[in-house]
Amino acid sequence: MRHLLDTTDLSLEEIDNMISLAMDIISDGEKYAHICDGKKLATLFFEPSTRTRLSFEAAMMELGGNVLGFSEAGSSSAAKGESVEDTVRMVSCYADIIAMRHPLEGAPRVASFKTGVPIINAGDGGHAHPTQTLTDLLTIYREKGTFDNLTIGLCGDLKFGRTVHSLIKAMSRYKNVSFVLIAPKELQVPDYIIKDVLEPSGASYVQVEDMESEMPNLDILYMTRIQRERFFSEEEYLKHKDAFILDMAKLKNAKESLTIMHPLPRVNEITTEVDDDPRAKYFVQALNGKYIRMALIITLLKWGGALK
């Protein structure tokens, strides 16, 4: 039995196989419509989610399976003080696979020690969001046809953004990938991402505080939210906020082949005028999340022997 707790749990070959499976699902979904007949997915979401939870549920339903679970901690026995370990051990009696989101970093890993079914980390605090990263990888592959030789701009809250951390871990494993880290100094990537991921991988990177200077070099622009509460003062927030709002003016020197991504939800960091630009792929990205989660469910159930 295997779990997915971080993207690095998967080899590059396993990621490639999962991408290939997702592509086959996209081209012929009917072939997979009953592969999970009789199987149950439990969605244990201890903090709110829209896209991730619903895409997991849609994925399992389109595979012919069923879904049970809860969408917030207050509607579970966690509100009575039940531990994560006990919750997961109990739920594994009822389900074949579990997708779990928790505000505490490492909670899905702790849960994996107490369950008899595969655990999927659907986001743990500011640590990792591996299924969003698989979604991002599928989007990049569908748009670029490769993971090599790309320059990726990551913009916004790079310090607390778990989607950014997971994507850097994943893409730094491919050949000749360059990162442009666009954020105010207060929200640049944590030191451990530099020291433990980027530097050992040999990937090139630069840290900048405005997106326009690097825009002509980017193959991918990955936007995230700048959150007011992350700043030490309102003055600092107001000083920085407009520099990280993507509008058509900031795109005037961008490549025609640029791919604009965002894990969503969006607040105001991408203006709605950008939505009609053919380079904007964030809603396609959300759809890709369903396909890759279908591939992930199939793969983990097969690895665990629950599917032939």
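Proximity of a side-chain donor or acceptor of Asp9 to a complementary backbone N or O of Asp6 within less than 3.5 Å is detected. Looking only at distances, no side-chain donor or acceptor of Lys308 sits under 3.5 Å from a matching main-chain atom of Gly305. At distances below 3.5 Å, not a single donor-acceptor pair connects side-chain atoms of Glu269 with backbone N or O atoms of Phe244. The main-chain N or O of Val117 is never found under 3.5 Å from a side-chain atom of Ser92 such that the two would form a donor-acceptor pair. Side chain of Arg101 to main chain of Ala122: a donor-acceptor pair is present (N/O by atom type, distance under 3.5 Å, no hydrogens or angles). At distances below 3.5 Å, at least one donor-acceptor pair connects side-chain atoms of Asp219 with backbone N or O atoms of Thr151. Using modelled atom types, no side-chain atom of His34 and backbone atom of Gly65 make a donor-acceptor pair closer than 3.5 Å. Judged purely by atom type and a 3.5 angstrom limit, Arg266 has no side-chain atom pairing as donor or acceptor with the backbone of Met223. Side chain of Asp96 to backbone of Lys40: a donor-acceptor contact under 3.5 angstrom is found. Not one N or O on the side chain of Ser166 forms a donor-acceptor pair closer than 3.5 Å with the backbone of Thr163.
Relative orientation of the His102 and Phe46 rings is tilted, given thresholds of 30° and 60° on the angle between their planes.
By the side-chain hydrogen bond (donor to acceptor under 3.5 Å, both in side chains) test, His3 pairs with no residue at all, sequence neighbours left out.
Among residues at least two apart or in separate chains, side chain to side chain donor-acceptor pair (under 3.5 Å) pairs with a member in residues 53-63 are Arg53-Glu57, Ser55-Arg293, Glu62-Lys290. Contacts classified as side chain to side chain donor-acceptor pair (under 3.5 Å) and involving residues 174-183 (residues at least two apart or in different chains) are given here: Asn149-Asn176, Ser178-Ser204.
Atom NZ of Lys114 has 12 or fewer heavy atoms from other residues, nucleotides or ligands within 6.0 Å.
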